Amino acid sequence: MTAATSPGNPRPSLGPPARIAVPRVSERTLPNGLRIAAVRDSSVPLVEVRLRIPFAGTGRRHLAQGHLLAETAFSGTGRHSAQELAAAIQALGGALSAGVDSDRLQVAGSALAENAGALLDLLAEVLTGATYPASDVAGERDRLIEELTIARTVPSTLASEALSRRVFGSHPYGLGLPTGAEVRAVTPAALRSLHRSRVAPDGALLVVVGDVPAAKALDLAERALGGWSAEGRRRVALPPPPPFVPGGLALVDRPGSVQSSIRYAAPGPRRDDPTYAALVAANTVFAGYFSSRLIANIREDKGFTYGAHSHLDHADLVTLLSIDTDVATEVTARSLVEVAYEQARMVTAPVTQDELDAARRYLVGTLALSTSSQAGLASTLARLLDVGLAASYLRDHPAALAKVTVDTAFEAAARWLAPSAMACVVVGDAAVVGDALRALSPVTPMTID
């Protein structure tokens, strides 16, 4: 009996679920294709901006170029050097940064509310006139290569790449991180060409949240970005991911490792799927938070790990249900057995009403927390609006969770959480764990380039 459920440590009584206010979103789509959404939030005198630009591409060359472009986008324009641009942003009490994934280029920024227009002007200057100076690109390229070199020594990074490769193969979703050699081959000219062809307003979304009237925020954004041209730009549509093949176990050898990184994955439902809320609730009971069954088993009871987590990750073309944990090498096979046991429990016996109620309150509470700050609200809205959902999702999802029953949670778990539905990857010392793993499942050796 775990501490969370023992008579000496009763679960505290639960209060009512959090209530989430749905923000009033004002929208405008510009002639160049840029969609703008604005929300007035006067909680603090700041403004947050989130820009999401379609940026999908195929092949490892695009992968390397995209990562370096995100690192160097603010390295200078025709008007400002990198140092001058950084000083101008800081003078606004602000910040701007960029990142990239398999689907889009993302820019996040903030500033004092009174400087919202100036922040958008600087963003527009970068979007329309980034120059990627050779000296700045060289410095950022070396720094990125060093970061990638370090990342590839981290077991969790290797495990994530191995799982992506196992599920998606050579599809862009399976490419992982670029190598140092691939990044070193990227030239400033290549970045300028990529920027001209792919950093475009058509299909992009800008979200502005802060202490600025929504109508004014829309006007400021249109003034700054209305001249951002989509002419001559091209968008790339990714091919569908390959059919998912469940079962088996891929083993990445990491000689001498004192721990094994265990990862599972399977395709899951989209947010608009009728079973989505029920699966989210069931998955939370399984391994979605600290009070979950899997944590109680392999952390609290057996001490195999510091943590385990199961989560739904959304890309444009697929949702992935993933389970991850890192365990001591000597208990690798035993941990796989316990994960399978907890999955089997989820799909053969319903969760209890107490488990469901606790999970539901946790989910609504974390959603409320994610929108409790300007930054959180801006990021959450950007993710929702960009995939065709409305701000009303902040009301509709808790309402859907409230309708989940023990039976519907059980049905969702039986459909999506079955052990036979998943693929598994282990990164660890093959000489130590290989025999025990082969006794459990067919094992395929895997290497990560």
Side-chain angles (χ1 to χ4, degrees), residues 30 32 34 36-42 44-53 55 66-100 104-144 147 188-189 191-192 194-196 198-201 204-214 216-229 373-375 378-379 382:
L30 305 186
N32 60 9
L34 175 65
I36 309 169
V39 173
R40 176 76 180 270
D41 182 333
S42 302
V44 291
L46 298 173
V47 64
E48 296 280 343
V49 299
R50 300 292 185 271
L51 176 65
R52 294 164 70 88
I53 304 170
F55 202 71
H67 275 75
L68 188 54
L69 182 142
E71 295 290 335
T72 56
F74 297 98
S75 59
T77 68
R79 294 179 55 195
H80 293 96
S81 67
Q83 293 75 19
E84 292 169 342
L85 188 59
I89 295 170
Q90 290 172 4
L92 305 177
L96 282 170
S97 62
V100 69
R104 59 186 50 79
L105 177 69
Q106 305 170 60
V107 178
S110 63
L112 294 171
E114 63 193 53
N115 296 325
L119 181 70
L120 291 167
D121 287 342
L122 287 173
L123 174 60
E125 182 181 329
V126 170
L127 294 171
T128 60
T131 55
Y132 302 96
S135 59
D136 294 279
V137 168
E140 290 298 321
R141 182 170 51 207
D142 290 343
R143 187 182 61 80
L144 178 57
E147 288 182 355
L191 294 178
R192 289 190 285 269
L194 181 64
H195 189 114
R196 286 192 301 269
R198 300 302 310 282
V199 181
L205 169 70
L206 175 70
V207 172
V208 182
V209 174
D211 192 14
V212 179
K216 180 179 179 181
L218 293 176
D219 289 342
L220 291 173
E222 181 170 8
R223 186 199 69 190
L225 296 166
W228 183 18
S229 174
S373 67
Q374 290 176 345
S379 296

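All values below were derived from every heavy atom in this structure, side-chain atoms included, with hydrogens, water molecules and symmetry-related copies excluded. Note that the structure is predicted; figures quoted are calculated from it, not measured.
Looking only at side-chain heavy atoms (C-beta outward), Asp211 and Arg40 come within less than 4.5 Å of each other. Using a 4.5 Å heavy-atom threshold, the side chains of Leu69 and Leu105 count as touching. Residues Leu225 and Ile36 form no side-chain contact, since every pair of their non-hydrogen atoms from C-beta on lies 4.5 Å or further apart. At least one side-chain heavy atom of Arg223 sits under 4.5 Å from a side-chain heavy atom of Asp121. A 4.5 Å side-chain heavy-atom check between Val39 and Val208 finds every atom pair outside the cut-off. Leu206 is listed as a side-chain neighbour of Leu120, based on a closest heavy-atom distance under 4.5 Å. Looking only at side-chain heavy atoms (C-beta outward), Leu194 and Phe55 come within less than 4.5 Å of each other. Taking the side chain as every heavy atom from C-beta outward, Thr131 and His195 never approach each other to under 4.5 Å.
Rounded to the nearest 0.5 angstrom, Glu140 CD and His67 NE2 are separated by 14.0 Å. Rounded to the nearest 0.5 angstrom, Leu205 CG and Arg104 CZ are separated by 9.0 Å. Rounding to the nearest 0.5 angstrom, the gap separating the CD atom in Gln374 from the OG atom in Ser379 is 11.5 Å. One distance of note links CG of Leu123 with CG of Leu51; it measures 6.0 Å at 0.5 Å rounding. The NE2 atom of His80 sits 9.5 Å away from atom CD1 of Ile89, with the distance rounded to the nearest 0.5 Å. With values rounded to the nearest 0.5 angstrom, Leu119 atom CG is found 5.0 Å from Leu96 atom CG.
Shortest non-hydrogen contact noted between Ala200 and Trp228 is C-CZ2, 3.4 Å. Asp41 approaches Val209 most closely through the heavy-atom pair CB-CG1, 4.0 Å. Pairing each heavy atom of Leu85 with each of Leu122, the nearest pair is CD1-CD2, 4.1 Å. Considering every non-hydrogen atom in both Ala70 and Ala98, the closest pair reads O-CB, 3.6 Å. What you find for Ala38 and Ala217 is that their closest heavy atoms are CB-CB, 3.8 Å. Shown here for Val212 and Ala116, the closest heavy-atom pair between the two residues is CG2-CB, 4.1 Å.
With a 6.0 Å radius and a threshold of 12 heavy atoms from other residues, nucleotides or ligands, Arg143 has its CZ atom above the threshold.
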In sequence, state the C-alpha distance, the side-chain angles, and the governing distance for Glu125 and Thr77, and then conclude on side chain to side chain donor-acceptor pair (under 3.5 Å).
-> CA-CA 7 Å; Glu125 182 181 329; Thr77 68; 2.4 Å; yes

